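Given the structure is predicted, the values throughout are model-derived calculations rather than measurements.
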Amino acid sequence: MGNESKKASVRLVANNKKAYHDYFIEEKFEAGLSLAGTEVKSLRMGKCSIKESYIQIVNGEAVIFGMHISPYEKGNIFNKDPLRPRKLLLHKKEIGKLLGAVTQQGYTIVPLQVYFKGSLAKCEIGIARGKKLYDKRADIAKKDAKRDMERAFKEYNR
């Protein structure tokens with residue numbers, strides 16, 4: 001019983017808001033991260049950035065490039081390169097799905113967020129299709145309209 005409640009706790013480390021702005025997210029997957037010990041400690045301190053990162057399938061394995069995990073202060077010689085490629089832990093079926101989507105024109109795989117699920121470091125990834133400039137403008141207009149409506153509603157209910 002105690003193990004179930006421990007696994008359910010999710011603590012967000014990094015979020016990629018830019019991905020939602022630049023892409024339409026078609027499908028999401030949860031992948032484990034293969035990390036070194038000092039990288040895990042640095043992640044627990046919240047020192048991670050996935051803004052400029054992307055995912056590729058290399059030799060049948062999903063690999064994340066450009067994910068920056070700052071070196072752990074007390075890690076000295078055990079610290080790894082902050083921008084090194086890191087392997088994502090996925091089932092073969094999921095990797096096959098990702099590979100099939102990427103071979104289609106206009107699709108890419110982007111990391112959406114990094115979080116701890118219990119004691120395990122996880123990365124939510126998504127199959128994404130790029131937005132055009134007019135799509136981005138339409139999204140911004142929708143957000144502004146929603147914000148204005150909420151503001152007016154709040155004023156009205158005072």
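- Applying the side-chain hydrogen bond (donor to acceptor under 3.5 Å, both in side chains) test to Lys47 and every residue at least two apart in sequence or in another chain returns Glu73.
- Taking every heavy atom of both residues into account, Val10 and Lys117 meet most closely at CG2-CG, 4.2 Å.
- Note that CD of Glu26 and CZ of Phe24 are 8.5 Å apart. Values are rounded to the nearest 0.5 Å.
- Counting only heavy atoms from C-beta outward, the side chains of Ser119 and Arg44 approach each other to under 4.5 Å.
- Legend: residues meeting side-chain contact (heavy atoms from CB on, under 4.5 Å) with Asp148, ordered by chain and number and at least two apart, are Arg151.
- No more than 12 heavy atoms of other residues, nucleotides or ligands shown are found within 6.0 angstrom of CG on Asn59.
- Residue Leu99 is found in a hydrophobic cluster whose other members, listed by chain and number, are Val13, Phe29, Leu33, Leu35, Val40, Leu43, Ile50, Ile55, Ile57, Ile64, Met67, Ile69, Leu88, Leu90, Ile95, Leu98, Val102, Tyr107, Ile109, Val114, Phe116, Ile125, Ile127; membership requires side-chain heavy atoms under 4.5 Å apart, directly or through intermediates.
- Taking CG from Leu133 and CZ from Arg137, the interatomic distance works out to 4.0 Å, rounded to the nearest 0.5 Å.
- For the salt bridge (charged side-chain N to carboxylate O under 4.0 Å, His left out) criterion with Asp144, the lone passing option out of Arg147, Lys142, Lys146 is Arg147.
- When every heavy atom of Arg86 is checked against every heavy atom of Glu39, the shortest pair comes out as NH2-OE2, 2.9 Å.
- Applying the salt bridge (charged side-chain N to carboxylate O under 4.0 Å, His left out) test to residues at least two apart or on different chains, the pairs with a partner in residues 92-107 are Glu27-Lys97.
- The minimum heavy-atom distance between Ala14 and Cys48, with the atom names listed, is CB-O, 3.8 Å.
- When all heavy atoms of Ser42 and Ser70 are compared, the pair lying nearest together is OG-O, 2.5 Å.
- Residues that satisfy the side-chain contact (heavy atoms from CB on, under 4.5 Å) test with Ile25, not counting sequence neighbours, are Tyr20, Tyr23, Lys28, Val110, Leu112, Ala128.
- Residue His68 holds its NE2 atom at 12.0 Å from CD of Glu52, rounded to the nearest 0.5 Å.
- Looking only at side-chain heavy atoms (C-beta outward), Asn15 and Gln113 come within less than 4.5 Å of each other.
- Counting Ile, Leu, Val, Met, Phe, Trp and Tyr side chains that sit under 4.5 Å apart, directly or through other members, Leu89 stands alone, with no cluster partners.
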